[in-house]
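Reviewing the structure listed below.
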Amino acid sequence: MTDTIFDKIIRRELPADIVYEDDDVLAFRDIHPQAPVHLLFVPKRKAFATLNDCGEADAELLGKLLLAASSYAKGEGFAEDGYRCVINCNRGGGQTVFYLHVHLMAGRQMAERMV
Ligand code: AMP
């Protein structure tokens with residue numbers, strides 16, 4: 001897997017507005033937010049280019065990404081109001097940074113249709 005912007009953020013070689021970190025997950029603000037809250041949750045220690053690269057052995061880590069997002073939403077008080085989690089996969093799915101990440105967006109009414 002080639003080095004991406006997110007690898008550099010995880011290694012602290014590029015600045016980012018980091019809002020959450022634990023042993024497995026790092027979360028930082030999207031540089032081009034599409035909602036008042038727009039965060040990216042990435043696995044810290046095992047890198048995947050896309051969701052397609054994950055297998056059974058990665059189920060726990062994938063779960064941790066989603067649980068980190070919901071924990072953040074609960075902690076910040078917007079979980080009940082609602083939020084959206086998105087994983088874009090490959091070019092056809094709108095992926096531009098090829099390091100697996102979960103978008104967490106909140107703070108505005110999300111359209112019922114995603115596109
Ligand atoms: P995706 O299109 O799903 O691959 O999402 C990649 C996201 O990364 C986009 O929403 C970008 O705005 C965001 N992004 C790109 N570079 C940076 C950066 N240096 N710091 C934070 N977010 C970034």
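Numbers here simply count residues along the sequence, with the first being 1. Whatever order the structure lists ligands and atoms in, that order sets their numbers, starting from 1. Heavy-atom basis, side chains included; hydrogens, waters and symmetry copies ignored.
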Checklist outcome for this item: From the list F6, F41, F48, ring-ring contact (aromatic ring centres under 6.0 Å, His included) partner of H101 resolves to F6
Item to check | Salt-bridge contact R12-E21 (side-chain N to carboxylate O under 4.0 Å) | outcome: yes
Item to check | Residue portion contacting ligand 1 (non-hydrogen atoms closer than 4.0 Å) for I87 | outcome: neither
Checklist outcome for this item: Min over Q95, H103, K8 of heavy-atom distance to atom 3 (O) of ligand 1 lands on H103
Item to check | Residue-ligand contact F98/ligand 1, heavy atom below 4.0 Å | outcome: no
Item to check | Residue and atom name of the nearest protein heavy atom (relative to atom 8 (O) of ligand 1), distance in Å to one decimal | outcome: F6 CZ, 3.4 Å
Next on the checklist: Starting from atom 17 (C) of ligand 1, what is the nearest protein heavy atom, named by residue and atom, and what distance separates them?
Outcome noted: I31 CG2, 3.6 Å
Checklist entry - Does A16 come within less than 4.0 Å of ligand 1, judged by its heavy atoms? => result no
Checklist entry - Can you check whether L66 reaches V102 side chain to side chain, under 4.5 Å on heavy atoms? => result yes
Item to check | Heavy-atom pair with the smallest gap, counting every atom of P15 and I9 | outcome: O-CG1, 4.3 Å
Checklist entry - Would a 4.5 Å heavy-atom cut-off, applied to side chains only, mark L100 and T50 as touching? => result no
Next on the checklist: Under 4.0 Å, counting heavy atoms only: does L14 come that close to any atom of ligand 1?
Outcome noted: no
Checklist entry - Thinking salt bridges, do K44 and D23 make one under a 4.0 Å N-O criterion? => result no
Item to check | Residue pair L65 / P43: nearest heavy atoms and the distance that separates them | outcome: CD2-N, 3.6 Å
Item to check | Nearest-contact summary for atom 19 (N) of ligand 1 - protein heavy atom, Å | outcome: I5 CG2, 3.4 Å
Checklist outcome for this item: Quick note on ligand 1: atoms under 4.0 Å from a heavy atom of R29 include exactly 21 (C)
Item to check | Side chains of F98 and R91 in contact at under 4.5 Å (non-hydrogen atoms) | outcome: yes
Checklist outcome for this item: Under 4.0 Å between heavy atoms, the region of Y99 that gets near ligand 1 turns out to be neither
Item to check | Shortest protein heavy-atom distance from atom 5 (O) of ligand 1, along with the residue and atom involved | outcome: H101 NE2, 3.0 Å
Item to check | Y83 and V37, any side-chain heavy atoms less than 4.5 Å apart | outcome: no
Checklist outcome for this item: Any heavy atom of T96 under 4.0 Å from ligand 1? The part involved is both
Checklist entry - Taking side chain as C-beta onward, heavy atoms only, is K46 less than 4.5 Å from D53? => result no
Checklist entry - If you take all heavy atoms of A68 and V25, which pair is closest and at what distance? => result CB-CG1, 3.9 Å
Next on the checklist: I need the atoms of ligand 1 closer than 4.0 Å to a non-hydrogen atom of L40, numbered in the order shown.
Outcome noted: 8 (O), 13 (C), 22 (N)
Item to check | Selection from L100, N90, D30, V102 by shortest heavy-atom distance to atom 13 (C) of ligand 1 | outcome: D30
Next on the checklist: Under 4.0 Å, counting heavy atoms only: does V86 come that close to any atom of ligand 1?
Outcome noted: no
Checklist outcome for this item: The atoms of ligand 1 lying under 4.0 Å from a heavy atom of N88, numbered in the order shown, are 1 (P), 2 (O), 3 (O)
Checklist entry - Can an N or O of I9 be found at a distance shorter than 3.5 Å from an N or O of ligand 1? => result no
